[in-house]
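The next block holds one structure in the form of structure tokens; read it before the comments.
The figures here come from the full heavy-atom set of this structure, side chains too, leaving out hydrogens, waters and symmetry mates. Note that the structure is predicted; figures quoted are calculated from it, not measured.
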Amino acid sequence: MTFTSVADVQDKLEKADYITSREIATVVFLAAATNKPILVEGPAGVGKTELAKAVSRALDLQLIRLQCYEGLDEAKALYEWEYAKQLLYTQMVKEKIQDVIAGAKTLSDAVEKIASQEDAFFSERFILPRPLLQAITSERPVVLLIDEVDKSDPEFEAFLLELLSDFQVSIPEIGTKTAVEIPFVVLTSNNYRDMSDALKRRCIHIYIDYPEKDLELKIVRLKIPGISERLSDRLVDSIRAIRNLDLKKKPCISETLDWARSLMTLSADELTSEVLVDTLNMICKYKADAETVKANIEGIVG
């Protein structure tokens with residue numbers, strides 16, 4: 001299954017519970033058609049990670065996720081050797097050592113004979129694949145999500161360049177592994193640090209910002225079935241007013257949905273100042289932000 005047009009992307013993503021703009025749908029369509037990775041930047045909580053999940057649902061593909069963090073290295077992202085398994089096999093075949101070194105006249109000769117067998121223990125049967133290698137070696141196309149790539153070190157970002165350019169990775173003991181099926185790759189960034197030009201050149205870049213009112217309303221009504229038009233309209237207007245305040249962390253679409261769920265749980269049919277104060281913890285993540293909202297409450301719900 002694949003996308004046939006930009007409209008088809010929007011339709012399939014909506015069926016996968018992801019409402020998107022035509023701009024984002026165009027990027028997804030072009031990425032699928034050209035095998036280019038997507039680098040999605042924007043504030044936390046605007047749906048960057050969810051975009052990759054929605055593509056996997058829309059195309060019925062497995063999602064393989066690599067969560068990035070400071071100190072992430074190739075061993076955690078690409079592969080590890082199963083040393084315990086290697087040791088077990090060594091114990092099982094140790095009686096064969098004498099056969100291997102038979103005829104050796106010196107210690108150096110014996111070492112050379114043993115070294116000639118090292119490929120038996122550094123082969124694919126002893127590799128433990130991590131997300132990147134899983135995506136490359138999958139027999140079926142997959143969606144590879146490299147989440148919060150900006151939290152990884154620049155050295156790891158440089159390591160990714162071979163994968164993103166040629167869809168291949170190098171394993172010193174085995175050689176180069178080229179993708180069986182090219183994965184649909186989505187990288188996300190919360191702008192923790194700037195991505196390199198080399199990485200950006202290899203990707204189609206898109207910035208997902210807070211949604212426009214009509215789009216946010218559509219998302220709320222899709223994700224929160226049963227919410228009234230009046231309440232959803234008032235809620236989105238209030239969220240947009242709160243975003244205009246000088247806050248440390250502006251509420252994003254995930255907070256909008258959390259707030260809508262809390263209002264539905266409380267059976268609130270009207271958004272009043274009292275209701276806003278009671279549910280403010282669903283929106284604000286810092287005490288100072290909550291105080292700022294309270295100080296401007298009349299302008300928000302009035």
Side-chain angles (χ1 to χ4, degrees), residues 1-61 63 65 68 141-150 160 164 182-224 232-233 235-237 239-244 249-257 260:
M1 183 183 292
T2 187
F3 298 117
T4 58
S5 66
V6 173
D8 183 51
V9 173
Q10 288 185 293
D11 181 59
K12 283 189 170 73
L13 290 182
E14 184 168 345
K15 289 177 180 175
D17 291 338
Y18 189 89
I19 306 297
T20 186
S21 66
R22 184 170 180 83
E23 179 189 9
I24 296 173
T26 301
V27 168
V28 170
F29 176 69
L30 292 175
T34 62
N35 292 324
K36 292 273 286 186
I38 303 175
L39 173 60
V40 191
E41 295 188 295
V46 294
K48 302 185 299 296
T49 298
E50 187 60 28
L51 175 61
K53 293 179 179 179
V55 170
S56 74
R57 294 194 300 269
L59 296 180
D60 192 26
L61 300 178
L63 176 72
R65 180 175 182 173
C68 297
V142 300
V143 174
L144 173 61
L145 169 61
I146 304 176
D147 214 6
E148 296 184 313
V149 66
D150 52 319
L160 285 176
L164 300 180
I182 294 177
F184 186 101
V185 183
V186 177
L187 302 94
T188 72
S189 168
N190 294 330
N191 299 314
Y192 181 79
R193 67 174 176 84
D194 289 337
M195 297 291 94
S196 69
D197 289 343
L199 181 71
K200 289 190 173 184
R201 279 199 308 272
R202 288 161 172 79
C203 302
I204 303 176
H205 177 268
I206 189 166
Y207 186 91
I208 298 182
D209 208 341
Y210 304 110
E212 297 295 327
K213 178 181 176 179
D214 289 347
L215 181 58
E216 191 159 15
L217 269 173
K218 192 173 181 181
I219 294 170
V220 169
R221 290 167 182 169
L222 173 71
K223 295 287 190 177
I224 316 295
S232 60
D233 195 70
L235 179 143
V236 169
D237 281 341
I239 279 285
R240 293 175 65 80
I242 291 170
R243 287 184 189 137
N244 288 328
K249 182 190 181 304
K250 298 180 185 295
C252 55
I253 186 62
S254 61
E255 276 90 27
T256 303
L257 296 174

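Inter-residue side-chain proximity for L13 and I24 is flagged as unmet; no heavy-atom pair is nearer than 4.5 Å. Using a 4.5 Å cut-off on side-chain heavy atoms (C-beta onward), L63 and K53 make contact. Counting heavy atoms from C-beta on, the side chains of I253 and Y210 never come closer than 4.5 Å. A 4.5 Å side-chain heavy-atom check between P251 and T256 finds every atom pair outside the cut-off. Side-chain contact between I224 and S232 is absent, with no heavy atoms from C-beta onward closer than 4.5 Å. In this structure, E148 and T49 have side chains that are not in contact, with every pair of non-hydrogen atoms separated by 4.5 Å or more. Looking at P141 and I182, their side chains never come closer than 4.5 Å, going by heavy atoms from C-beta outward.
The 12-atom threshold is exceeded at OH of Y207, counting heavy atoms of other residues, nucleotides or ligands nearer than 6.0 Å. Heavy atoms from other residues, nucleotides or ligands lying under 6.0 Å from NZ of K200 number more than 12. Summarising the local packing, CZ of R243 is surrounded by more than 12 heavy atoms from other residues, nucleotides or ligands at distances under 6.0 Å. Counted within 6.0 Å of CG on D197, heavy atoms from surrounding residues, nucleotides or ligands total 12 or fewer; the atom is thus considered open. Annotation: K250, atom NZ; neighbour count of heavy atoms from other residues, nucleotides and ligands within 6.0 Å is above 12.
In this structure, the side chain of K223 does not engage the main chain of Y18 through any donor-acceptor pair within 3.5 Å. Without hydrogens or angle criteria, R202 side chain to L164 main chain gives no donor-acceptor distance under 3.5 Å.
Residues satisfying the side-chain contact (heavy atoms from CB on, under 4.5 Å) criterion with D194, sequence neighbours excluded, are absent altogether. Residues satisfying the side-chain contact (heavy atoms from CB on, under 4.5 Å) criterion with L222, sequence neighbours excluded, are D17, I19. V186 is linked by a side-chain contact (heavy atoms from CB on, under 4.5 Å) to V40, A52, L145, F184, T188, counting only residues two or more places apart in sequence or in another chain. For K249, the side chain to side chain donor-acceptor pair (under 3.5 Å) partners are E255, not counting sequence neighbours. In terms of the salt bridge (Lys or Arg N to Asp or Glu O under 4.0 Å) criterion, residue partners of D147 (sequence neighbours excluded) are, by chain and number, R65. Among residues two or more places apart in sequence or in another chain, the side-chain contact (heavy atoms from CB on, under 4.5 Å) test is passed with D214 by none.
When all heavy atoms of P37 and L187 are compared, the pair lying nearest together is CB-CD1, 3.9 Å. Between T20 and Q10, the shortest heavy-atom contact is O-NE2, 3.4 Å. Contact between V46 and P43 at its shortest, heavy atoms only, is CG2-O, 3.1 Å. Nearest approach of L215 to S21, heavy atoms of both residues: CD2-N, 4.4 Å.
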Go through M195 and H205 one step at a time and tell me if the side chain to side chain contact (heavy atoms under 4.5 Å, CB included) criterion holds. CA-CA 11 Å; M195 297 291 94; H205 177 268; over 6 Å; no
Start with the C-alpha gap between V149 and L160, add the side-chain angles, then the distance that decides, and say whether side chain to side chain contact (heavy atoms under 4.5 Å, CB included) holds. CA-CA 10 Å; V149 66; L160 285 176; 3.9 Å; yes
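A salt bridge between E212 and K218 is absent, with no side-chain N of the basic residue lying under 4.0 Å from a carboxylate O of the acidic one.
Between the CZ atom in R201 and the CG atom in L39 there is a gap of 13.5 Å [rounded to 0.5 Å].
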